[in-house]
There are 4 protein chains.
Amino acid sequence: MSADGSPASDQLLQQATAWWSTSIIDIHPGEIVVRGYPIQELIGELSFPQMVWLMLRGEVPSREQAKLLEAALVAAVDHGPQAPSIAISRMAVTCGLPINGAMASAINALDDIHGGAGQQCMELYQSIAQRADAGESEKDAVEPELDRFIAERGKIVPGFGHRFHGIDPRAVKLLDLVRRAQASEIVSGRFARIGTLIEQSLKRRKGRGIPMNIDGATAVIYSELGFAAPLGRGLFVLSRSVGILAHAWEQTQQGGRIKGPMPPKIPFQYTGPPVRRFEPKQTETS
Amino acid sequence: MSADGSPASDQLLQQATAWWSTSIIDIHPGEIVVRGYPIQELIGELSFPQMVWLMLRGEVPSREQAKLLEAALVAAVDHGPQAPSIAISRMAVTCGLPINGAMASAINALDDIHGGAGQQCMELYQSIAQRADAGESEKDAVEPELDRFIAERGKIVPGFGHRFHGIDPRAVKLLDLVRRAQASEIVSGRFARIGTLIEQSLKRRKGRGIPMNIDGATAVIYSELGFAAPLGRGLFVLSRSVGILAHAWEQTQQGGRIKGPMPPKIPFQYTGPPVRRFEPKQTETS
Amino acid sequence: MSADGSPASDQLLQQATAWWSTSIIDIHPGEIVVRGYPIQELIGELSFPQMVWLMLRGEVPSREQAKLLEAALVAAVDHGPQAPSIAISRMAVTCGLPINGAMASAINALDDIHGGAGQQCMELYQSIAQRADAGESEKDAVEPELDRFIAERGKIVPGFGHRFHGIDPRAVKLLDLVRRAQASEIVSGRFARIGTLIEQSLKRRKGRGIPMNIDGATAVIYSELGFAAPLGRGLFVLSRSVGILAHAWEQTQQGGRIKGPMPPKIPFQYTGPPVRRFEPKQTETS
Amino acid sequence: MSADGSPASDQLLQQATAWWSTSIIDIHPGEIVVRGYPIQELIGELSFPQMVWLMLRGEVPSREQAKLLEAALVAAVDHGPQAPSIAISRMAVTCGLPINGAMASAINALDDIHGGAGQQCMELYQSIAQRADAGESEKDAVEPELDRFIAERGKIVPGFGHRFHGIDPRAVKLLDLVRRAQASEIVSGRFARIGTLIEQSLKRRKGRGIPMNIDGATAVIYSELGFAAPLGRGLFVLSRSVGILAHAWEQTQQGGRIKGPMPPKIPFQYTGPPVRRFEPKQTETS
């Protein structure tokens, strides 16, 4: 290489620098700046939900907005040791995994079906809101969007109904907080209305109440606060991580080695072929 | 509880046993039976690809079928340290992860875009084959199915073209092996024909060659051998796991702590707001 | 099975129920109870850090305790796109992973080296505190415990020094908050003293300042608040998850497919053997 | 930037290239070279176990060596749906994870306790071999190294005994294959002898037989073939991945949504405090 250096190198180096490009954080020796704010000015001032919001969206929300977000984050932390994500976390620590690893295996399982209901519900709400923006009443917008959603994704409407709870006490409380926030003009109340309209439509369709569950209620809050739908899943992961961590820690203290899903004395059921002999020649093609 | 026990308990216990139900393996003390075969009769007799096949599909393939599967598994083991999965594996061990953990973070990244091309390509091949089964010639079946595929999934047709290689030497060799297997009547050659027809169609559509790549060629082999499309992804994971493991091990020997994507002296680019003061009051709603 | 049911079934069923045993949460239809509290009474009342504490430790902390915990959680959310965990998260979404999957691969990498510093530092602090409990002054307890720690774990003392920052602005601010909390008798200040004593000892040992970093400062706070050392790692994971999520989301918006660690035009370095021919016979043992 | 380019850029760029440095693979357009061999010369020629060996160790083994490795890989593919790793894989697909994600969560759980036995056993064997290299007989080397191992790691000696099987049929068959390989001078038989000596010592120590299990037997084979201990874990992961994949696929076909560890009708046991009222004021420090 020549002592002069090559313009091509300069250019490649610029590409390398631009390859990892972010508007979230800037770092220099002795200096950490989050969304423009020196971090030491945020520590002790911002609540954790405010920091979450700042990181995800670039600006600090008002305390009232953050409190509504906080209520949703608090509501979804856990759903018991038999939720697959929690069970995975507990089994994982008995396999030797440290807490980060147990959390990883568990959080990974918060996928479309186990962790995507809030996001999907936000997509439904927001499609109805968009249709209403285009001129229809919210009420009129519900039916065609709900029809379309069910046609595309199947009859289980995420955010409504629960295989275990009739009325979900978390949803009731969260909706109450939304109403109060609306009264204080923190939020518009639009998505709470849309959620209620869906609930009414489902009742008519099924002939019985399919009340809004925790996913439907957090989807109302996240939509009221202006979050994009994929962040509904992200916020749920942040919230449920608390339960995943707490159960991993409790299991660590309970002990156990290579904990399976059921006590070892309960057998599994074998449904395959009866015992047969393996004849190596059968694998030779003549 | 009464000394007699309750029928309800019996029933629940049956449910528990049936909850983990499998036709793959049966286990009793001193006895492990895989798909009906005592495992000690398989060890030393089955090749690893035969065992993969037996586990996934229930029967032992012929040695010739297994050899074709083996060629595909051998072909896809690695694509260099800058493939994201491999880079993740290497960074992970420098963060303190054991080999299983590094492999997990890496394999997780073999998702739709990085690891799903083979599966998607198999879906395309098989949709063309089904259309041909319904009466059209394979040649006639290609255009409408390719149109539909592109309409639904976008213009990048998985299995064809490579951002790096013009001709993929792995694909060439694998297709050669398929031709030989067809000559020996191990496979029918149908999916190799379909793959070639797609290649020809893409050339006409784009005005330049978009030759079949490794994913397209393994998709031919897996389809010729009768695997379901989702197993295309699974087999790719088994194969690429070898590279992921080898690079994790090499990085372990190279050492390093908390290895980032680029040398620390190459900065990242900050694109966010300039430094600003945080005024706590701005977060109070009056 | 007899209609009477079997006592053995009852017993096995009891074992099954006890297999998933928890003091964290109880659930019945329409009722979710966290550590004894109906969840609807907590939503809107507890801050997120209070909920974290309740879940991990069984009681609700005072607002002041929770605020100190909150400051530590806020401080550690991010360390830039070139931290391996963050880079993994960003690469993962370009491979097709949803947000939960990207977070899983990234959180998994917060292992001993990348995510264990806080926990290890808490272990050091707590070993010094225990020695002091046994009669020595805190000052006298530092040297032998530091010697032992270094002998067992190597010369890098987690929680002190930073390869990038001289003074870590987060640590300065966090320690200031600890001092204020001590003045208000929220915490005893013992672990802040121990941290400072270690800092002084390291300065004497190395002949230059190795100031406390973010991990050392959060370890002070978590120890002051009475958390067990393994929870230091767990709390760090909760905090850093915010950055991991924010970067996953930013990358999603930037787009990109199969993003590697460096721009494709920057090659990697091959250090293996030169190209050689493969002679199949070499693999046959005569 | 000057048009001349800067030498500093050239240097940084060299660093960037060296940052991802590997002796495993070289890639150029149209060319993929594994350990020096053009990959198209390996496809169809190397068995999968030979490729694994080449990737991990740089040279192609003889067919006989590869067959012994293959037997070990075949032996460990599965241990039933109640092994935590397998159960995690099956639960994960019902949460919406694709096969790569289910495999990741499961493989992650093959940590020290669930997946590290082979590696740990290899460490024990190899410490005995080293002591023998230093002059003691293998027989004399066993007792002190076993004492040391138990003192450092606890009384469970990995590779020996099984909570389920008395005699492990896989171990019996694998050791038989080692004996045959020794007769053909493929391996030395040294680690088989060491394994047997440990078995005898454990019988004397415990007063009952603690026969070698699958991990002990694969550790014999991997040590006979010259693999480093950490690769014992890596090879186990490759093998068990087959079972993890097969069960993920079977569960996919069985269906199910958000499958927990036990049927929903079997409750978990709550051991926490009885229901209590939350008094917000209790969280205020006066």
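Chain letters run A, B, ... following the sequence lines, proteins first, then strands; residues in each count from 1. Treat the numbers as computed from the prediction; the structure is a model and nothing was measured.
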Top contributor to chain C interface from [options] [non-hydrogen pairs under 4.5 Å]:
options: A:D176, A:L235, A:I99, A:V242; result: A:V242
options: A:A246, A:A109, A:G101, A:G256; result: A:A246
options: A:R180, A:E45, A:R233; result: A:R233
options: A:L42, A:I266, A:L231; result: A:L231

Sort out for me which of [options] touches chain A most, counting heavy-atom pairs under 4.5 Å.
options: C:N108, C:L69, C:L68; value: C:N108
options: C:Q15, C:Q251, C:Q40, C:R57; value: C:Q40
options: C:P263, C:A104, C:P81; value: C:P263
options: C:L110, C:I24, C:V172; value: C:I24

So, for [X] and [Y], which heavy atoms are closest and what is the spacing to 0.1 Å?
X: C:P49; Y: A:F48; value: CG-CB, 4.4 Å
X: C:W249; Y: A:A228; value: CZ2-CB, 3.6 Å
X: A:L46; Y: C:V74; value: O-CG2, 3.6 Å
X: C:P169; Y: A:G30; value: CG-O, 3.5 Å
X: C:P98; Y: A:D111; value: CG-OD2, 3.4 Å
X: C:A71; Y: A:G44; value: CB-N, 4.1 Å

Given heavy-atom pairs under 4.5 angstrom as the criterion, report whether the side chain, backbone, both or neither of [X] touches chain C.
X: A:T252; result: neither
X: A:Q119; result: neither
X: A:S23; result: both
X: A:V237; result: side chain
X: A:I43; result: both
X: A:A87; result: both
X: A:L177; result: side chain
X: A:K265; result: both

Are the side chains of [Y] and [X] in contact, using a 4.5 Å heavy-atom criterion?
X: A:V77; Y: C:V52; answer: no
X: C:W20; Y: A:M262; answer: no
X: A:L238; Y: C:M103; answer: yes

Taking atom [atom1] of [X] and atom [atom2] of [Y], what is their separation to the nearest 0.5 Å?
X: A:I27; Y: C:D78; atom1: CD1; atom2: CG; answer: 6.5 Å
X: C:E41; Y: A:K173; atom1: CD; atom2: NZ; answer: 8.0 Å
X: A:I39; Y: C:L174; atom1: CD1; atom2: CG; answer: 9.0 Å
X: A:H247; Y: C:L56; atom1: NE2; atom2: CG; answer: 10.5 Å
X: C:M55; Y: A:I244; atom1: CE; atom2: CD1; answer: 10.0 Å
X: A:S241; Y: C:N100; atom1: OG; atom2: CG; answer: 10.5 Å

Exercise for the section: Select one option (side chain, backbone, both, neither) describing which atoms of C:S47 are under 4.5 Å from chain A's heavy atoms. Expected result: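 The answer is both parts of C:S47.
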Handout entry: Pairs involving residues 247-258 of chain A, ordered by first then second residue, that meet salt bridge (Lys or Arg N to Asp or Glu O under 4.0 Å) (sequence neighbours left out)
Key =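 Passing the test, one end in residues 247-258 of chain A: A:R90-A:E250.
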Problem - Exam field: side chain C:W19 to backbone A:K259, donor-acceptor pair closer than 3.5 Å - result: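 Looks like no, no N/O pair under 3.5 Å.
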